[in-house]
Amino acid sequence: MNPDKALNFLEEIVAEDVKSGKHGGRVLTRFPPEPNGYLHIGHAKSICLNFGLAKDFDGKTNLRFDDTNPVTEDTEYVNSIKEDIQWLGFNWAQELYTSDYFPKLYEFAVTLIKKGLAYVDDSSAEQIASMKGTPTEPGKNSPFRDRSIEENLDLFSRMKKGEFKDGEKVLRAKVDMASPNMHMRDPLMYRIKHVEHHRTGNEWCIYPMYDFAHGQSDSIEEITHSVCTLEFEVHRPLYDWFIEKLQIFPSHQYEFARLNLNYTVMSKRKLLQLVNDKHVTGWDDPRMPTISALRRRGYTPLSIRNFCDRVGVARRENVIDVGLLEFCVREDLNKIAMRVMVVMDPVKLVITNYPDGQTEILKGENNPELEDKGGERDLPFGKELLIERDDFMENPGKKYFRLGPGLKVRLKHAYIIECESFEKDAAGNITEIRCKYIPESKSGNDTSGINVKGTIHWVSKTHAISCELRLYDRLFRVEDPSTAEGDFKDHLNPDSLHINANAMAEPSLKNAKAGDKYQFIRKGYFCLDKESTSNHLIFNRTVSLKDSWAKAGS
RNA sequence: UGACCUAUGGUGUAACUGGCAACACGUCUGAUUUUGGUUCAGAAGAGUCUAGGUUCGAGCCCUAGUAGGUCAACCA
């Protein structure tokens, strides 16, 4: 941990607990995902927090799948979650499942029944809801609230044996139907679901509710600091109540504000909808805010960890600008990505004074940020080149540093050229630019003495390889699709994916492997997509380069 | 109409626990640059939701407002 950095409120709490010797100075946190969806950037914050807390205070973190609702959970999700956490760079102490504790939780429930603190209720879901009252009115006691302990014991065991149908009975804690906290109004502990569970199969037909599973699991594992998001704050009195009545290990719950990002949605329900309704190609569609999508898009684990570090941890609602996430990837990729030249919108350029048919191999440094410049690669150069269409202007303004009639520019890693003429088609599109090159201006041993303002990238027309570029924009047009008027899907950005099939890349890219990250000089960071094949290269744009020229608007 | 939580530049987080508000992103200058990238130097931008109170002194404490959030799934 950086000693100069101010501690967030959770780090302060843990630091104090360690100092005071609470739990013998031991720190054990847990990350408790429900395996009913893929992890997203908001989970990354929680992962960094939980694992970070443990790391900083010499503790450990358990991975515990909160799998108490078999209808929505699946092993596909279990596997993706494990992969994402490891990819982010964290290792859990133990891989655990709440379902492993089903027998123990059943015992806990029996204990509470015996203490007269839990009862079986025959009321329907509707009846229970109506007797619950509202936040401003107290609830009413269930007519089944005062069943004898013996009867409760008998009924509960028969629930377990499968003698009743779904919804016929539930087990409730006997707390206080008049409590101002809705969660204390005799919360449900168990419900009947004759559903196969992804791990326990058909062994159980009663499943514990979150409130009677999460805290108890924390306690069983002797979690010292149980960190969750703000919406669980109202559950804390109940969390404490169960622990107190059961007299089990006193885990404590702490809440922090979840991460929100603008121009996207972060609820698993909504993300699942985008997947199911085919608005995206899957959970790892690079436009999604999921970890797997960010990975596919070219984000690095370090950039995400840095991002989570920078957003901070507090208890107030927040909306982080995606710009910060983008800053974090650029920061990392600038240091590690190899530079290559790819022309996104090619136009032909002929060097009039270069010998026909000649090919010259030039050298290009791979990354100026690295000590050894990342080594060099070969760049074939010839009479016919391709350059970016917008690197030429027929009538350039004074501040345009690129090519135009009579103007000179440097071809990156090559020569200075001067534009002599150009050709247009009937529609007015530039079809060919003709330049002369200055042989003494060769990159590395330039003796020409000529200074030019601009440098542009290029590829050799005869050597370039074509590739597909997938250019992503924000998934939604509005900052907060969830609160915007209408359905959140009404605000999807129709241009969130633009496919460019005409790009031409330097030949060194032939050997790119899926996941390889590059900086396309002057354009952005890209990585080879998993759908890419050797004769059809596909690159995802992770993020564009900052462009103060484009921003100046001209 | 209830309970609980929160309130600091555009955004997010700080402020050594009461000593006239800092850092990051963003924005704007300028320098360097064979990427209009990077890097470097600098600037603008809040007087801390409001009103009272305690105090020599309040962003930090108290009171009352105001605003936002959470809570009435057999979801987690």
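Chain identifiers are assigned alphabetically (A, B, ...) following the order of the sequence lines, protein sequences preceding nucleic acid strands; residue numbering begins at 1 within each chain.
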Within the 4.5 Å heavy-atom criterion, are [X] and [Y] side-chain neighbours or not?
X	Y	result
Phe256(A)	Leu49(A)	yes
Arg199(A)	Asp100(A)	yes
Pro289(A)	Met266(A)	yes

Just wondering, do Tyr210(A) and A76(B) stack (centres under 5.5 Å, planes under 30°)?
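Aromatic stack with A76(B) absent for Tyr210(A).
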Across the strands shown, which category fits [X] at heavy-atom distances under 4.0 angstrom: base, sugar-phosphate, nothing?
X	result
Val452(A)	nothing
Val71(A)	nothing
Phe232(A)	base
His457(A)	nothing
Arg315(A)	sugar-phosphate
Leu230(A)	nothing
Val311(A)	sugar-phosphate
Ser130(A)	nothing
Pro237(A)	nothing

Chi-angle category of G10(B) [syn within 90° of 0, anti beyond]:
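G10(B): anti glycosidic orientation.
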Taking syn as any angle within 90 degrees of 0 and anti as the rest, which one fits U17(B)?
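The base of U17(B) is oriented syn (glycosidic angle within 90° of 0).
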Would you say the side chains of [X] and [Y] form a donor-acceptor pair under 3.5 Å?
X	Y	result
Glu233(A)	Tyr254(A)	no
Tyr263(A)	Asp480(A)	no
Tyr239(A)	Gln253(A)	no

Sort out for me which residue in Asp390(A), Asp391(A), Asp547(A) forms a salt bridge (charged side-chain N to carboxylate O under 4.0 Å, His left out) with Arg522(A).
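Between Arg522(A) and the candidates, salt bridge (charged side-chain N to carboxylate O under 4.0 Å, His left out) is satisfied uniquely by Asp391(A).
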Using OP1 and OP2 only, check whether a side-chain N or O of Lys546(A) sits under 4.0 Å from U38(B).
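Looking at the OP1 and OP2 atoms of U38(B), one of them is under 4.0 Å from a side-chain N or O of Lys546(A).
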Verify the contact: side-chain N or O of Lys442(A) to OP1 or OP2 of U34(B), cut-off strictly under 4.0 Å; return yes or no.
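Indeed not, no polar side-chain atom of Lys442(A) lies that close.
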Are [X] and [Y] in a cation-pi setup, meaning NZ or CZ lies under 6.0 angstrom from the ring centre and within 45 degrees of the ring axis?
X	Y	result
Arg330(A)	Tyr525(A)	no
Lys270(A)	Phe488(A)	yes
Lys160(A)	Tyr106(A)	yes
Lys169(A)	Phe164(A)	yes

When you compare [N] with [M], how far apart are their [atom1] atoms, in angstrom units rounded to a whole number?
N	M	atom1	result
C60(B)	G19(B)	C1'	12 Å
A14(B)	U54(B)	P	31 Å
U63(B)	U70(B)	P	26 Å
G26(B)	G45(B)	C1'	11 Å
A15(B)	C49(B)	P	16 Å
G18(B)	G59(B)	P	13 Å
U13(B)	U55(B)	P	34 Å
U50(B)	A41(B)	C1'	41 Å

Quick one: Lys453(A) NZ to G37(B) P, roughly how many Å, whole number?
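So the two atoms are 12 Å apart, to the nearest Å.
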Return yes if the base of [N] and the side-chain atoms of [X] contain a donor-acceptor N/O pair under 3.5 Å, otherwise no.
X	N	value
Thr455(A)	U35(B)	no
Arg402(A)	G36(B)	yes
Arg522(A)	U35(B)	no
His235(A)	A76(B)	yes
Arg339(A)	U35(B)	yes
Glu317(A)	G12(B)	no
Gln519(A)	U35(B)	yes

Proximal nucleotide (of [options]) relative to the [X] side chain:
X	options	answer
Leu545(A)	U34(B), G36(B), G37(B)	G37(B)
Met182(A)	U70(B), A76(B), A72(B)	A72(B)
Glu34(A)	C75(B), C28(B), A72(B)	C75(B)
Asp547(A)	A76(B), A73(B), G36(B)	G36(B)
Ala129(A)	A73(B), G12(B), G2(B)	A73(B)
Thr136(A)	U1(B), A72(B), U34(B)	U1(B)
Thr68(A)	C71(B), G36(B), A76(B)	A76(B)
Asn334(A)	U38(B), U17(B), A76(B)	U38(B)

Sub-4.0 Å heavy-atom contacts from residues 252-263 of chain A onto RNA chain B, ordered by number:
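Heavy-atom contacts with RNA chain B come from no residue of residues 252-263 of chain A; none.
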Which heavy atom of Phe392(A) sits nearest to which heavy atom of Gly404(A), and what is that distance?
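Looks like CE1-CA, 3.8 Å.
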Can you name the closest pair of heavy atoms from Pro208(A) and Thr68(A) and give their distance?
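Closest approach of Pro208(A) to Thr68(A): O-CB, 3.4 Å.
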Parsed dot-bracket for RNA chain B after applying the Watson-Crick and G-U rules with both distances under 3.5 Å and | for other-strand partners is .((((((..((((.....[..)))).(((((.......))))).....(((((..]....))))))))))).....
